[in-house]
Amino acid sequence: MKQVFRLFSFKAEGLVEKDVSSLNVLRRLPAYRNSWSILSLIIVILILVPNVTILFNFFTNKAENWDHITEYILPDLLKNTSLLIVFTGLLTIIIGTSLAWLISAYDFPMKRFFKWALILPLAIPPYIAGYTYNGILNYTGVIQTTLRNTWGIEVDQKYFDILNLPGAVFIFTLFLYPYVYTITRAFLANQSASLIENARLLGGSPLEVFFRVVLPISRGAVVGGVSLVLLEVLNDYGVVQYFGVPTFSTAIFQTWFGMNDLNSAIKLSATLMFIVFSILILEKLLRGRKKYASTTAKARPLRAVQLSRGRGWAVFSYCLIIFMLGFLIPLIQLVDWMFLTFEKVASPEFLTLIWNSLFVSLAGALLIVLFAVIIGNFARTHQSRLSKSAAKVTILGYSIPGAVIAVGISTVFIELDSGLSRFYESTGMESRLFLSTSLVILISSYIIRFLAIGYNSVESGFDKIGNKYTEASRMLGMNMTKTFFKVDVRMLRAPLISGFLLAFIEIIKELPLTLILRPFNFGTLSTNAFKYAGDEQIHEAALSSLIIVVISAAAVFIFHQVLEKESN
Amino acid sequence: MYVEIKDLCFGYTNAKERTVRDFNLEIEQGEIISILGESGSGKSTVLRLLCGLEIPEKGTIHIAGRTMTDERTFVAPEKRGIGIVFQDYALFPHMTVYENVKFGLKAWKRKDRSRRVQEVLELVNMGDFSKRYPHELSGGQQQRIALARSLAPAPELLLLDEPFSNLDADLQVKIRNELKAILKKTGTTCIFVTHDREDSRALADRMVTMRDGASYDWDSLCTTREEESQKPELVRLK
C-alpha cells in the first residue's frame, strides 16, 4: 500500500511541479510591489529606450544618404576603426602588462612612487593630450623652435607631424594604458603569488616566468583592461576629430550636423553598437570562465625580488620615460601655456564655464549615485532574473560610445517634445523643443553613460556588508526604506563617496555628449578647451585643460590611497 | 495550533533541486522546537521562509491565527512579529548595545523604550554593557545581546539559527541552560535549528529531524522524536 502511495505521489509531484513554476511568478509579485523595485524598473526603462530606439530604427527607417555612406565612407571608417583598435590594443597590452609585472614582482628605485604615478596619465583626457602633443611637436612648438633658434637645425616636418592615424594610436596608447596596468597589477599583487613563486623555484628565468606563467594566468585581467581601452577608443571624438582620422564618432557628427541626416546618423550608431557588442562578446569568450578574482579566500601578496643595481636603474628609466611622456611633459607644457595666456583667458565668462562644469558634474554624479543605490538595493534584496538583468542594463551604457547615446537620446527627446507640444502651447511657452534643448537631456545622457561607474562602486559596497544587517533590521520591524536610511547608508559611506567622485571626474572630462547635447550657448571646461584647440588657439585652451587635469589627478591620487588602505 | 506550516516547498533560483520539499510542522504556544539536520538539509531555509526573507513556491504558513503566506497573501518580514537571532548575530556595528536593542522598539511608547531595553539586558545578564559597541564584546556577550535585541519587541515567535555554533564548548553548555530558563520564563514560542543532537536534547521540548529535502522517503522527510522513547514517529500522514 505504501509502495503504491509513493509511486502515486511521485507522479503527482511531476505534475504539480509545472503548475508551481507558473504560479510562482504570481506568488512572488507582492514582494515586488514596493517603491524600490518600481523605481528601479523605471530607471532601467529610461536607460534602455534610447539604445533600443537606435537598434530598432536601423532596420526600419530609410535614410537618404545611407547608400552613399555605405559605398564611400563606411569602408574608410571600418578600416580606421580596426587599425586604431588593433594597434592601440596591442601597444596598451605590451606597456600595461610589462609595467604591472615589473611593479608587482621587483624592487627598484622609486618603485613606491611609480606604483601610483603610472596611473596618472588617466587624469589627462586623450583629446587634451592630443592637442598638447601637437603643440609641442609642430613648427612653432617648443622642440622645433629650440632646434631652430639654438642650433639652427631645420627638421623635416614629416617626422614631427602627429596629426594622423599613428599619432592617434600614440596618444591613445600613452593615455589609456593605465586601464590594463591597474587591473593587471591588482591581479598579480593579490592572486598569483603561489604560482609565480613556484615557477621561480622551478628554475624559470625571469623572461620565461613572464611569458609562460604570468601572461597566461593574468589573461582574464589583461582582456578586461584592454576591452576598457577599446571602448574608450570607440567613444573618443576629440582625438580623432583633431587628428583628422575619420571614425564612427566623427562620421555620426558629420552626417547629423553636416548633412542634417539624423537617420543616417542612427544607422551609423547602430553599426558602431554592433562593433561594441562584438568586442564585449569577444571579451567574454577570451576570458572564458576565468574571472580575475581568485576563488580561494586566502590570497597571499606576491613578494617582490630586489633587482641588481644596473637592472634596477634600467627598469627605473623605463617607468620614468612612460611617466614623463604620459603625464609630466604634457602637464609642464600646459602650465607653461597657461601662464602665457592666463590674463587673456581668465575672465568673468571663464568663471561661468567653471560653474557650468561643476554644476553638471555635481548634478550628474549625485543622480548617478542615487540611481545606483536604488538599483543596487533592488538587485540584492530581490535575487531574481529580473533584478539581475536590471543590474546588467545599468552597466550597458558604459560600453556605448557617447555619440551613439547622443543620437539615441535626442531621437527620444524630440519625440517627447512633439508629444508635449500641446502642453507647451497651452502654457504659452515659445520653444517647441523645450526638453531637447535643456540641461535635462545633457544630464540624462551622463546618467546613461556613467551609471555603471557609480553602480560598480555601490555594488561592491553592498557585497561587502552583505544582507545580514538588512535582514536583521527588517526582522526588528523596519521596512526597506527605513532600513536603508538607518542601517545601509551608514555602512555604505565609503563606496558612496568613491562612486560619486569617479562619476564626477568622468563627467567633467566628458566631450562628445557635452558637445552635442549642451543647450545653446552653454559651455563647459571641456567644450571650451576643445573649441580653442580646434580654432588653432592651443595656448588658450591650457587653462581649462589644466583645471580638468588637476581635479582628475587629485582624484586618482585619493583613489590610490583609499585602495591601498583597504587592501592593507 | 499556534504555528502551522503546511506543504511548504522552496528552491533557490540557481539550485536544481528544491531545498525544502513538502515540509509540515505544527507547534503549540510556548513550545520549544528544535529542527535537527545536517548542513544542507534545508533547516535554515525553513527559518528564512518563516521570516518572509524567502518566498515559498507552494504551501502555507499560519502564525498565531494570522496567515503569513498562502496563494494570495504575503506578509512582509517586518510585519510578521517574528524575532530571529542569526548565526553570526548581525549586531549593527555602528550602534551601541543600547541602540541595537532599542532598534526594534519603534512601535513602543517612547517612555517605555528605555525601560524595556534595560529589562531585556538584565534578563540576559548584560545590564552593565549598554554603552559598549558590538566589537568591544566577546562572542558569548554578542550572542546575549543579539538574543536581547530579538526578545525586546516581545515577538510572537522566536527563531534561533545555530545559536551556539560560534561559541566554544564550555560557554555553549552554560548559555544553553540560561537560554532555556529565559525562554521558559518569558513563555516564548521558539524554533531553533542545529546540527548538534546534544543542543537539541538539552533545550527542546520536541525535536524534528530534517534530511535531504529532495528525498522521496516519507519517513525521513520530517519526523518528530520523543525524547524518552527515541522512536521515529511520523508527524502527519497525508
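It should be emphasised that the depicted structure is a prediction, and the values quoted were computed from it without experimental measurement. Chain identifiers are assigned alphabetically (A, B, ...) following the order of the sequence lines, protein sequences preceding nucleic acid strands; residue numbering begins at 1 within each chain.
The parts of Ser473(A) that come within reach of chain B are both its backbone and its side chain, each placing non-hydrogen atoms under 4.5 angstrom from that chain. Residue contact with chain A, scored on non-hydrogen atoms closer than 4.5 Å, is absent for Pro155(B). Residue contact with chain A, scored on non-hydrogen atoms closer than 4.5 Å, involves the side chain of Arg48(B) exclusively. For a residue to count as touching a neighbouring chain, one of its non-hydrogen atoms must lie under 4.5 Å from one of that chain's; by this rule Leu91(B) touches chain A with the backbone only. Leu53(B) touches chain A through its side chain: at least one heavy atom from C-beta onward sits under 4.5 Å away, while N, CA, C and O do not.
Each of Arg490(A), Arg493(A), Lys486(A) was checked for a side-chain contact (heavy atoms from CB on, under 4.5 Å) with His94(B), and the lone residue meeting it is Arg490(A).
Ranked by heavy-atom pairs shorter than 4.5 Å toward chain B, the options Lys468(A), Met480(A), Glu471(A), Lys482(A) are led by Glu471(A).
Taking both residues in full, the closest heavy atoms of Phe92(B) and Leu476(A) are given as CE1-CD1, 4.4 Å, listed atom of the first, atom of the second, then distance. Val487(A) and Phe103(B) get closest at one heavy-atom pair: CG2-CZ, 3.7 Å. Across all their heavy atoms, Gly477(A) and Lys106(B) have their closest contact at O-CE, 3.0 Å.
Contact check for Ser150(B) versus Met475(A): no side-chain heavy atoms found under the 4.5 Å cut-off.
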- [ ] Please report the C-alpha distance between Glu78(B) and Arg474(A) in whole Å, then the side-chain angles of each, then the deciding distance to 0.1 Å, and finally whether the side chain to side chain contact (heavy atoms under 4.5 Å, CB included) criterion is met.
- [x] CA-CA 5 Å; Glu78(B) 64 267 20; Arg474(A) 296 199 68 188; 2.6 Å; yes

